[in-house]
Amino acid sequence: MNRAKKIMKNQGLGGVDKKKKKEADVSRKNKILLIIGIALVLVLSLGICYIQFRPREILRVSGLDNSGATVENKVYYKEAMYDIYTTETQYNSYASLYAQMYHSSSYWDAEDVDSAGRTGAQAAKKAVMDGLKQREILYMEALKNDMSLTDEEKKTISESAATAVSNLSDSQKRIAGLDEKTIAGVMEKQALADKYRQSVISSLGIDEEALKKTVSKKDYRQYTLQYYTFAKTEQKDGKEVDKDAATLKKAKSDMKALQKKAASAKDFTKDIITDSDTNNTDDNTGISYSTLDLLETNEDFADDATRKKIKAMKNNAVSDVLETKDAYYVIKMVNNNDSEAYDNQCQQVVADEQTSQFNTKYKNEIKINYRTEVQSYWRGRVTLGALTSGNE
């Protein structure tokens, strides 16, 4: 037997077993390390996902319910995203205007836009948060007063949310908070807050008729016009200069021809100019079409003598070619006593008084019953300007 073991050992059979055992041990260790590695990756991935997608609390609002118990509402970042989107959209649409006003490349970079030292981005961020605070407080007051939305109101909001999402770009639709469900939820909360706000305003006893009497019918008389025009000046090297005599002579001739066509046309707006690119300017003559709601007090349009002629026109009348030092005009009087501007101003005066009285009551009697706490994520991590638009 000893001889047989010796022969097996000499033939290497025992060495083969040790080698296999060693390889098996290494394989087990590798599997364990692989499992540990996969587990670590999963943990890290889940951690990153949690950090990335967990609800980001940005505001806490607390107050008392009817029984005297403390209630606390939390507002999350995604709930603010539609407000951020509408704010960014609004101010980005005014980009060129703000560039002129604040001498900045954008509203977001403009300095001291609110006379309190804030940049455009900081001022907009404060406005969004102020809106969130008031909405949450009024929403909580509405619930406290057993207010709710009707099924019809909810249906209208659902349709509005769907429309809002349809107007978003594909990249915007991927932003957390710009989905239809979240937007609808925000709109419902706003609608309920607005319902409570209106109930407060209704209780203030504002005399709307007395306010309307403060608006001058004479000053807000509106002359609704449609007109064709050709500018006699142009911009050159940053200066406004007169166009050359030959150009003006042709333009006046073109305007006279247009006047004859427009005066006999059934529709003053159709087939008067050739406008293939739909920019309201004739492809060949440069004559352009526009509209204007001219108020009695307006002094910016044409000159005094021309405005006097215009105001004397009867409804549906078409003027001759009217000439000022700056332009030629052919005008149609659509309505020489339109009440639109007066009605709008009456509504504005009433709305301003409602807002003023509501703000006073809100500040002194409603807001003081609630505590608002802006959370660290909003204070330190959120900068408006490119969150939903992608602008830099």
Side-chain angles (χ1 to χ4, degrees), residues 90 92-101 218-236 238-345 347-348:
Q90 176 187 355
N92 284 330
S93 68
Y94 300 152
S96 60
L97 175 62
Y98 284 116
Q100 296 174 14
M101 290 175 59
K218 179 181 178 182
D219 289 348
Y220 284 92
R221 177 174 178 171
Q222 176 178 310
Y223 300 85
T224 304
L225 313 176
Q226 296 174 334
Y227 67 95
Y228 292 95
T229 186
F230 182 89
K232 295 167 69 176
T233 61
E234 60 185 345
Q235 290 288 328
K236 279 191 176 180
K239 296 180 180 180
E240 188 171 325
V241 299
D242 293 334
K243 294 178 181 178
D244 62 81
T247 298
L248 295 180
K249 182 178 179 180
K250 180 179 184 304
K252 190 169 185 178
S253 176
D254 291 336
M255 287 293 288
K256 287 181 177 180
L258 179 144
Q259 193 277 340
K260 289 181 180 180
K261 185 189 295 187
S264 60
K266 290 183 178 180
D267 189 333
F268 187 79
T269 67
K270 292 183 179 179
D271 303 321
I272 307 299
I273 61 174
T274 303
D275 184 16
S276 60
D277 53 3
T278 63
N279 66 346
N280 290 327
T281 300
D282 190 276
D283 299 337
N284 303 310
T285 66
I287 296 172
S288 61
Y289 169 80
S290 192
T291 63
L292 177 68
D293 296 331
L294 178 69
L295 298 187
E296 186 68 44
T297 54
N298 187 310
E299 296 182 352
D300 298 329
F301 184 70
D303 54 32
D304 291 343
T306 303
R307 286 196 303 275
K308 187 175 181 179
K309 290 179 181 178
I310 292 171
K311 292 175 182 179
M313 293 173 63
K314 295 181 179 180
N315 288 345
N316 297 314
V318 176
S319 73
D320 293 329
V321 176
L322 304 177
E323 180 177 356
T324 69
K325 67 182 182 65
D326 296 319
Y328 299 110
Y329 299 93
V330 172
I331 291 174
K332 178 177 181 178
M333 178 61 71
V334 178
N335 190 337
N336 59 18
N337 194 14
D338 197 326
S339 67
E340 181 183 30
Y342 171 77
D343 293 340
N344 288 342
Q345 185 60 21
Q347 292 175 13
Q348 189 61 53

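Every heavy atom of this structure was used, including side-chain atoms; hydrogens, water molecules and symmetry mates were not.
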Inset, instruction - Flag the pair K232 / D326 as yes when at least one side-chain heavy-atom distance between them is below 4.5 Å, and no otherwise. - result: no

Inset, instruction - Drop me the distance from K249's NZ to D244's CG, to the nearest 0.5 angstrom. - result: 12.0 Å

Legend entry - Spacing of CG belonging to N337 relative to OG1 belonging to T224, to within rounding of 0.5 Å: 9.5 Å

Legend entry - Check: L295 and R221 side chains under 4.5 Å, non-hydrogen atoms: no

Legend entry - Check: D275 side chain, N279 main-chain N or O, donor-acceptor pair, under 3.5 Å: yes

Inset, instruction - For residues T229 and A327, report the shortest heavy-atom separation together with the two atoms involved. - result: OG1-CB, 3.8 Å

Inset, instruction - Taking the side chain as every heavy atom from C-beta outward, state whether M313 and K332 have any pair of such atoms under 4.5 Å apart. - result: no

Legend entry - Sidechain-backbone polar pair: N336 side chain, K311 backbone, donor-acceptor under 3.5 Å: no

Legend entry - Any side-chain heavy-atom pair of D303 and K325 under 4.5 Å: no

Legend entry - F230 side chain reached by T247 side chain, heavy atoms, under 4.5 Å: yes

Legend entry - Side-chain touch L225/I310, heavy atoms, less than 4.5 angstrom: yes

Legend entry - Heavy-atom side-chain contact between L248 and Y328 under 4.5 Å: yes

Legend entry - Other residues, nucleotides, ligands: >12 heavy atoms within 6.0 Å of D271 CG: no

Inset, instruction - Report the residue from V330, I272, L322 that forms a side chain to side chain contact (heavy atoms under 4.5 Å, CB included) with Q259. - result: V330

Legend entry - Interatomic spacing from CD in E234 to CG in D242 - rounded to 0.5 Å: 9.0 Å

Legend entry - S276 side chain to D283 side chain, donor-acceptor N/O pair below 3.5 angstrom: yes

Inset, instruction - Quick one: closest heavy-atom pair of V318 and A262, and the distance? - result: CG2-O, 4.2 Å

Legend entry - I273 side chain reached by L258 side chain, heavy atoms, under 4.5 Å: yes

Legend entry - Pairwise distance OH(Y220) to CD(Q345) - rounded to 0.5 angstrom: 3.5 Å

Legend entry - Point-to-point distance, once rounded to the nearest 0.5 Å, from CG of D300 to CZ of R307: 8.0 Å

Inset, instruction - Verify the ring-centre separation between F301 and Y223: is it less than 6.0 angstrom? - result: no

Inset, instruction - Check whether any side-chain N or O of K314 sits under 3.5 Å from a backbone N or O of M333 as a donor-acceptor pair, and report yes or no. - result: no

Inset, instruction - With sequence neighbours excluded, tell me which residues meet salt bridge (Lys or Arg N to Asp or Glu O under 4.0 Å) with K250. - result: D254

Legend entry - Crowding at NZ, K260 (>12 non-hydrogen neighbours, <6.0 Å): no

Legend entry - Which atom of F268 lies closest to which atom of Y228, heavy atoms considered: O-OH, 2.7 Å

Inset, instruction - Write down the atom of N335, the atom of D338, and the distance for their closest heavy-atom approach. - result: OD1-N, 3.4 Å

Inset, instruction - Compare every heavy atom of D282 with every heavy atom of T274, then report the nearest pair and how far apart it is. - result: N-OD2, 2.8 Å

Inset, instruction - Mark yes or no: K309 above the aromatic ring of Y329, with NZ or CZ under 6.0 Å from the six-membered ring centre and no more than 45 degrees from the axis. - result: no

Inset, instruction - Specify the closest pair of heavy atoms between Q226 and T269, including all atoms of both residues, with the distance to one decimal. - result: NE2-CG2, 3.6 Å

Legend entry - Spacing of CD belonging to Q222 relative to CG belonging to L292, to within rounding of 0.5 Å: 8.5 Å

Inset, instruction - Might you confirm whether atom CD of Q235 has over 12 heavy atoms from other residues, nucleotides or ligands at distances under 6.0 Å? - result: yes

